[in-house]
Each structure stands twice: as structure tokens, then as C-alpha cells.
Amino acid sequence: MADSVVCVPELPEVESVRRQLHPALVGRVVVAAWVDRDGPRTSPVEHAAGLEVLDVVRRGKYLLLPLGDVEDGAEAELVLHLGMTGRFRIADGPQHPDLGHVRARFELDDGTWLLFDDVRRFGRVNLVEPGDHAGIPTLAALGPEPLSDDFDADAFAAALAATSAPVKARLLDQRLVAGVGNIYADEALWLARIHPRSRRVGRARAHRLHAAVRKVIAAAIEREGTTFRDYEMVNGQSGRNADFLVAYGRADLPCQRCGTPMRRTVVAQRGTTYCPDCQRA
DNA sequence: CACGCCTCCTGTGCGC
DNA sequence: TGCGCACAGGAGGCGT
């Protein structure tokens with residue numbers, strides 16, 4: 001079962017990508033930009049040409065690249081999302097042997113190319129006015145970064161107390177906290193000993209979950225993310241977090257806390273693994 | 001508004 | 001061996 005699991009980029013994976021893209025892109029001027037087609041997840045990017053990459057910022061699972069002029073500031077913003085299978089390469093030309101489904105290309109003034117490859121087309125490539133996220137509702141309503149002071153335990157507890165949805169659904173919806181996806185939701189809920197389908201999470205358990213989210217995200221960033229198959233860094237290497245997972249992908253394996261076989265279920269239309277003994281509703 | 005279900009997309013792995 | 005199909009899921013859209 002575990003070897004059929006596919007990994008999707010979440011906050012730690014996107015942060016690892018950001019750290020590799022930043023030194024390669026900041027200060028570069030876009031010579032030409034191309035995206036494979038218009039659609040709900042892509043929009044024309046040709047106007048990026050002539051603009052300098054001023055920064056490579058991450059918010060949740062989004063990468064934001066302000067483009068413009070060092071003195072005049074940002075004139076545009078490139079919004080990128082890896083979706084499920086997105087990956088980047090810095091290449092010497094418009095092709096790369098590792099990439100079979102290039103969806104966007106950015107030629108840079110030092111002769112390198114930023115290539116975006118995305119088999120399943122769930123990724124996003126949009127060029128917008130700086131800060132104009134109205135067409136990207138999840139980004140516009142994105143909650144606080146989990147490792148920032150803006151992620152407040154009391155506010156998190158209050159928000160959970162005001163909802164009737166399963167706690168895992170709230171972790172996934174990006175509004176209470178940014179960047180948590182299916183893997184780290186299961187990991188954090190296991191660590192906090194909370195059943196993923198629980199609809200009533202009191203203050204004490206909410207505080208445990210708040211700490212658990214921070215812990216699993218920080219640990220995964222240290223290990224440059226989790227790789228099963230799809231996610232990889234800009235240099236093609238894997239993250240090292242897969243060997244440290246305690247919940248995700250461990251159905252039928254013994255709980256590392258109590259030895260009870262982990263159970264697989266579906267919550268919020270997502271595969272979910274939890275310990276039926278030490279994660280109680 | 002909140003919630004939950006459906007859809008998109010395609011490679012992979014399994015069963016027959 | 002080969003075919004068909006279920007499955008994976010972030011985010012958007014829509015129905016209730």
C-alpha cells in the first residue's frame with residue numbers, strides 16, 4: 001500500500017522549492033514567457049517579458065514572484081502553484097530530459113530557463129497585478145503561516161469551536177492555517193491524538209493541535225519535505241521526510257505510540273490514516 | 001454563510 | 001499478456 005502512495009507538495013515541499021528557486025531567479029530579467037494554454041488554472045504570462053524577478057516568496061502552498069524594476073517596484077506578480085504533480089527545473093534551454101509535460105517556460109537574461117512541468121495540470125500559473133488575488137479565492141482567503149506569530153493558538157481554538165465540520169476538513173481548507181495538506185493533516189492529528197473526523201475540538205485539544213501543526217511542518221522543512229513519487233526539488237532530489245511519517249500511508253501498520261494497527265478511512269473526500277485507539281473523537 | 005459533494009487530470013497498479 | 005478500471009488529491013464550483 002505504502003509504495004502506491006503518491007505525495008503531493010504541501011508547505012514544506014513548496015518551501016524547499018522556493019529556497020532553490022530564490023538564488024536562481026532573483027535579479028534575473030525575464031526575456032520571454034510562455035504558458036501552454038489558457039484555462040481556469042493558467043492565464044497569459046507574455047507580459048512578464050522585460051521584467052526583473054524581485055523576490056521569490058511563499059504563502060501557504062503558493063509561490064509569489066513580484067516582477068518589475070528594482071527602483072520602481074513590482075509591476076506584476078507571478079502566482080505559481082504546484083498542484084499535485086508540478087515541478088520546476090532551471091535548465092540551459094527550453095527542454096529538459098527529466099520533464100515530459102512542460103506547461104510553462106520562462107527564458108531568463110543569463111541564458112537559463114525556468115521550466116514548469118505538470119503531468120496532471122492541477123498546477124497554477126497566473127500573472128496578476130501585484131497583490132491582486134481576487135481571481136484566486138484560496139490565496140485571497142489564506143490563513144496565517146503556521147510557523148509565524150500570526151498563527152495564534154487562541155484564535156485557532158476559537159475558530160475550531162465555531163465550526164461543525166470535521167477537524168481534518170478545517171485543516172485542509174487553508175483558511176485557519178496556510179499550507180497544510182493531506183499528509184501533514186494526518187501527521188498533526190496523530191501527534192495531537194485527535195480523531196480526524198472529530199467535529200468538536202475543545203480548547204485544550206485545539207492548543208495541542210496548534211503545537212502539532214507547527215512541529216510537523218517545521219520538522220518536514222528541516223528534511224526538505226516528503227517524497228514518495230511526484231514531488232521533487234528543483235535539482236531533482238527527494239526530500240527526506242518520508243521515513244519519518246507516523247500516520248500518512250501507514251494503514252494496517254502498528255501505531256508508533258500504542259501498537260494498535262492504524263486504520264484507513266475517508267474524511268473530507270481524502271484518504272485518511274489514524275490510530276483508532278489513541279485518536280478518539 | 002457553512003458545509004459537503006463533484007469535477008478536473010493522467011500515471012500507476014491491481015484484478016481478471 | 002493485456003485490458004479495464006479504481007485510485008491518488010488541491011482547489012474551484014455548485015447545490016443544499
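Proteins get letters first, then strands, A, B, ... in listed order; numbering begins at 1 in each. Hydrogens, waters and symmetry mates play no part in the numbers below; they use all other heavy atoms, side chains included.
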Nucleotide nearest [X] (side chain, heavy atoms from C-beta), chosen from [options]:
X      : options                : value
A:N182 : B:dG4, C:dG10, B:dG11  : C:dG10
A:H101 : B:dG11, B:dG4, C:dG9   : B:dG11
A:A165 : B:dG4, B:dG11, C:dG12  : B:dG4
A:R199 : B:dC3, C:dC7, B:dG11   : B:dC3
A:Y62  : C:dG10, C:dG12, B:dT10 : C:dG12
A:Y248 : B:dC3, C:dG12, C:dA8   : C:dA8
A:T138 : C:dA11, B:dA2, C:dG10  : C:dA11
A:P166 : C:dA8, C:dG12, B:dG4   : B:dG4
A:P137 : C:dA8, C:dA11, C:dG12  : C:dG12
A:S164 : C:dC7, B:dC3, C:dG10   : B:dC3

Backbone N or O of A:V119 within a donor-acceptor pair of the A:R103 side chain at under 3.5 Å?
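A pair under 3.5 Å: yes.
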
A:T272 side-chain N/O to A:R270 backbone N/O, donor-acceptor pair under 3.5 Å
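Yes, because the side chain of A:T272 sits within donor-acceptor range (under 3.5 Å) of the backbone of A:R270.
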
Expressed as a whole number of angstroms, how long is the span from [X]:[atom1] to [N]:[atom2]?
X      : N      : atom1 : atom2 : value
A:R87  : B:dC9  : CZ    : P     : 19 Å
A:D173 : B:dA2  : CG    : P     : 10 Å
A:Q269 : B:dG4  : CD    : P     : 8 Å
A:I183 : C:dG10 : CD1   : C1'   : 12 Å
A:D118 : B:dT10 : CG    : C1'   : 10 Å
A:L142 : C:dG10 : CG    : C1'   : 13 Å
A:Q174 : C:dG9  : CD    : P     : 15 Å
A:L171 : B:dC3  : CG    : P     : 13 Å

Looking at A:E145 and A:R58, is there a salt bridge between them, counting it only when a charged N and a carboxylate O are closer than 4.0 Å?
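Salt bridge flag = yes for A:E145 with A:R58.
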
Between A:D173 and A:R170, does any side-chain N to carboxylate O distance fall below 4.0 Å?
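Yes, A:D173 and A:R170 are salt-bridged.
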
Would A:F122 count as stacked on C:dG9 if the rule is ring centres under 5.5 Å and plane angle under 30°?
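Ring-base stacking flag set for A:F122 and C:dG9.
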
Which part of the nucleic acid does A:G271 contact within heavy-atom distance under 4.0 Å: base, sugar-phosphate only, or nothing?
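Contact class for A:G271: sugar-phosphate only.
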
Counting only heavy atoms from other residues, nucleotides and ligands, does the tally under 6.0 Å from CZ of A:R214 exceed 12?
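Yes - once you tally the heavy atoms of other residues, nucleotides and ligands closer than 6.0 Å, there are more than 12.
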
Starting at the 5' end of DNA chain B and moving along, which residue's nearest nucleotide shows up first, A:R270 or A:T163?
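By nearest-heavy-atom nucleotide position, the 5'-most residue is A:T163.
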
Between A:A162 and A:R121, which is nearer to the 5' end of DNA chain B once each is assigned its nearest nucleotide?
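The 5'-side residue here is A:A162.
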
Donor-acceptor pair under 3.5 Å: do we get one between A:R41's side chain and the base of B:dC8?
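Counting by modelled atom types and ignoring angles, a donor-acceptor contact under 3.5 Å is found here.
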
Taking all heavy atoms of A:L99 and all of A:L115, pick out the closest pair and write down the distance.
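The answer is CD1-CB, 3.8 Å.
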
